[in-house]
Asks: 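Handing you a structure now.
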2 protein chains.
Amino acid sequence: MVQKRNPPAPRARPEAASLKPAKPQPAKPQPPAGGAPPKRRGRPRAYEPDVALSRALDVFWKDGFAATSLDDLSAATGMNRPSLYGAFGDKRELYKKTYESYRNRARARMGEAFAADMPLRPMLLRIYGIALDMYLSGEGGPRGCFTVMTATSEAVFDPDIRALVVSGLVEMDRFFARLFKIAQERGELSASADPQVLANLASATIHTIAIRARAQMPRAELEALVNGAVDVMARG
Amino acid sequence: MVQKRNPPAPRARPEAASLKPAKPQPAKPQPPAGGAPPKRRGRPRAYEPDVALSRALDVFWKDGFAATSLDDLSAATGMNRPSLYGAFGDKRELYKKTYESYRNRARARMGEAFAADMPLRPMLLRIYGIALDMYLSGEGGPRGCFTVMTATSEAVFDPDIRALVVSGLVEMDRFFARLFKIAQERGELSASADPQVLANLASATIHTIAIRARAQMPRAELEALVNGAVDVMARG
DNA sequence: GCTTATTTATACTGAGCGGTACATAAATCA
DNA sequence: TGATTTATGTACCGCTCAGTATAAATAAGC
């Protein structure tokens, strides 16, 4: 492959951005935040952007970028191709937005666990439980981790996507590092332990279960692997 | 994607297998093993199957199955499409043979390291050095690990490929487990350490550097990660 | 009711895809 | 030398691909 054609960018759709941002309209004030949706001018869209992205994610996640066609995406979202294009741009743009929506979802799930504020060992087990739930779900069999999927496919060709993936990887590293640091400050971890090294191991464990899930290893095996890894990490 | 068409199997090419295996030809004995190649009947092939597979591997490894076209493979191997098909079967068959050739190559490299028979820590560092050499090489940027690439793409759809990937993953696990077990018997590792758990962590470290390499993290960072991981693993 | 703005729906385009039919080339066998 | 076998090279097939032109539909503004 030699990067097969690079079509011109889709015509910009200014997404209701005002051209005179300095001058608030006096007669028609913006609806107060959280109020009714602002009355748009033309035919109303028949889709919810968020759920459309979520449906697109399902397909990209299962099949990968290259093996997913616009027809697949159209069928999954219920939007026809021109609507897809108008709403999200071309296939690559859509993939990027889809990836960001995945990241938001994953971040929210992990944030919940983090907020629970429990001791290190149960916290780690809970986080890996959430990860396994994500990686093993999906109608067409276990899907693994979308960041890993993206790293192994489009990240090589598209610098934007690569940057997104790198930020996803380091976000995960930092998340774990914070966890280990807090545990260390609480005395749950020996002072000689290196939170950064443990964080990398924790991320590595995430990555290995993602890959193994994708190869359809049974959940029990993955849980056994996680338990062993947590034993080593929580020991310091 | 709903598994886009399953063309009939390519016509079998018996690969010079005799139809009467019980009766050795008396007049023309097989050339002694290691001797000159047996005289084949028709036009000689213009390619070496091994190097062709190696070239195909380069392309599949970089771009993945779906994004690699038969034209790409044709260009890389120097064989035209009918020759490719005749030699290796359709694209999926070729991918499987390519993957097996990759496994053989990787196994040979790791086997060398294993045969060197050194203490645990330098042995691990050497193994990860070999892995990094593989994962960071390639003309079109770092390629990561082909087993990981395969697990995240075709392993979901094709049971044969999935079986190959699983066997690749467990082979790696067993390789590391043997290493830790030997180290433990030598007293380099505490008796309480669990070789299986450490092997899983070692594999996880392989997987995480493969993914990060694919995202073009610099070698220095990957080496630092490896050093930290080895510190934890070699400590027991 | 007419104009304007926005989205949906249909149908199309040119290119690339995996795979193959067929003719040609190069070797052995008799 | 001519038949046979095997591999190559060209050109083609039907299909799918990503993307788009165009028209119809549905809303608000006036």
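By convention in this document, chain letters (A, B, ...) are assigned in the order of the sequence lines, proteins followed by strands, and residues within each chain are numbered from 1.
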Asks: Sequence neighbours excluded, which residues qualify as salt bridge (Lys or Arg N to Asp or Glu O under 4.0 Å) partners of B/R105?
Replies: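 B/R105 satisfies salt bridge (Lys or Arg N to Asp or Glu O under 4.0 Å) with no other residue.
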Asks: For A/D63 and D/dC17, what is the distance between atoms CG and C1' respectively, to the nearest whole Å?
Replies: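 The answer, rounded to whole Å, is 15 Å.
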Asks: Which of these nucleotides, D/dA18, D/dA24, D/dG9, is closest to any side-chain atom of B/P82?
Replies: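 Closest nucleotide to the B/P82 side chain: D/dG9.
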Asks: Could you state the CG-C1' distance from A/D72 to D/dC17, rounded to the nearest angstrom?
Replies: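 So the CG-C1' distance, A/D72 to D/dC17, works out to 11 Å.
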Asks: Strictly below 4.0 Å: does B/S83 bring a side-chain N or O up to OP1 or OP2 of D/dT8?
Replies: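 For B/S83, the contact criterion (side-chain N or O under 4.0 Å from OP1 or OP2 of D/dT8) is met.
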Asks: Using the side chain to side chain donor-acceptor pair (under 3.5 Å) criterion, which residues pair with A/Y102? Sequence neighbours excluded.
Replies: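 Once residues adjacent in sequence are excluded, A/Y102 has no partner under the side chain to side chain donor-acceptor pair (under 3.5 Å) criterion.
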Asks: Can you list, pair by pair, the side-chain donor-acceptor contacts under 3.5 Å of residues 126-136 of chain A, counting residues two or more places apart and other chains?
Replies:
residue : atom : partner : partner atom : Å
A/Y128  : OH   : A/A202  : O            : 2.8
A/D133  : OD1  : A/R219  : NH1          : 3.0
A/D133  : OD1  : A/R219  : NH2          : 3.0

Asks: Can you sort out the partners of B/S101 under side chain to side chain donor-acceptor pair (under 3.5 Å), two or more places apart, ordered by chain and number?
Replies: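 For B/S101 there are no side chain to side chain donor-acceptor pair (under 3.5 Å) partners, ignoring immediate neighbours.
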Asks: Taking 4.0 Å as the cut-off, does a side-chain nitrogen or oxygen of A/N80 come that near to OP1 or OP2 on C/dA9?
Replies: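 Yes, within the criterion.
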Asks: What's the closest nucleotide to the side chain of A/D90 if the choices are C/dG18, D/dT26, D/dG19?
Replies: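 Nearest nucleotide to the side chain: D/dG19.
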Asks: Just how far, in rounded Å, is C1' of C/dC17 from CZ of B/R92?
Replies: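 Rounded to the whole Å, the gap is 15 Å.
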Asks: So B/R45 and B/S83, side chain to side chain donor-acceptor pair (under 3.5 Å) or not? Walk me through it.
Replies: CA-CA 9 Å; B/R45 40 169 74 120; B/S83 292; over 6 Å; no
Asks: CG of A/D71 versus C1' of D/dC15: gap in Å, rounded?
Replies: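 It is 12 Å, rounded to the nearest whole Å.
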Asks: When the distance from OH of B/Y47 to P of D/dT6 is rounded to whole Å, what number comes out?
Replies: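 Rounded to the whole Å, the gap is 13 Å.
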Asks: Of all the choices, D/dT20, C/dA26, D/dA18, which nucleotide is nearest to the side chain of B/P44 once you look at every atom?
Replies: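 Closest of the options to the side chain of B/P44: C/dA26.
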Asks: List in chain and number order the residues that pass side chain to side chain donor-acceptor pair (under 3.5 Å) with B/D58, two or more places apart in sequence or in another chain; answer none if no residue qualifies.
Replies: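 For B/D58, the residues satisfying side chain to side chain donor-acceptor pair (under 3.5 Å) (neighbours in sequence not counted) are B/R143.
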Asks: Which of the following nucleotides, D/dA7, D/dT26, C/dA27, is nearest to the side chain of B/R45?
Replies: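 Among the listed nucleotides, the one closest to the side chain of B/R45 is D/dA7.
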Asks: For C/dT4, does the base pair up with any side-chain atom of A/R41 as donor and acceptor (N or O, under 3.5 Å, distance only)?
Replies: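 Counting by modelled atom types and ignoring angles, a donor-acceptor contact under 3.5 Å is found here.
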Asks: If we fit an axis to the first five pairs and another to the last five of the helix from C/dG1-D/dC30 to C/dA30-D/dT1, what angle do they make, to the nearest 10°?
Replies: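 The value is 10°.
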Asks: Taking the six-membered ring for Trp and the single ring otherwise, decide whether the centroids of B/Y95 and B/F88 are under 6.0 Å apart.
Replies: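 Ring-ring flag for B/Y95/B/F88: false, centres at least 6.0 Å apart.
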Asks: If you compare every side-chain N and O of A/Y85 against the phosphate oxygens of D/dT20 (OP1, OP2), does one of them come in below 4.0 Å?
Replies: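 Yes, A/Y85 has a side-chain N/O under 4.0 Å of OP1/OP2 on D/dT20.
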Asks: Does the side chain of A/S69 get closer than 4.0 angstrom to OP1 or OP2 of D/dT16 through an N or O atom?
Replies: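 No.
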Asks: To the nearest angstrom, how far is B/R81 atom CZ from C/dC22 atom C1'?
Replies: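 Rounded to the whole Å, the gap is 15 Å.
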Asks: Can you tell me the distance, in whole Å, between the CD atom of B/E48 and the P atom of D/dA7?
Replies: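 After rounding, the gap between these two atoms is 14 Å.
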Asks: Please report, rounded to the nearest Å, how far the P atom of C/dC17 is from the CG atom of A/L70.
Replies: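 Roughly 16 Å, once rounded to whole Å.
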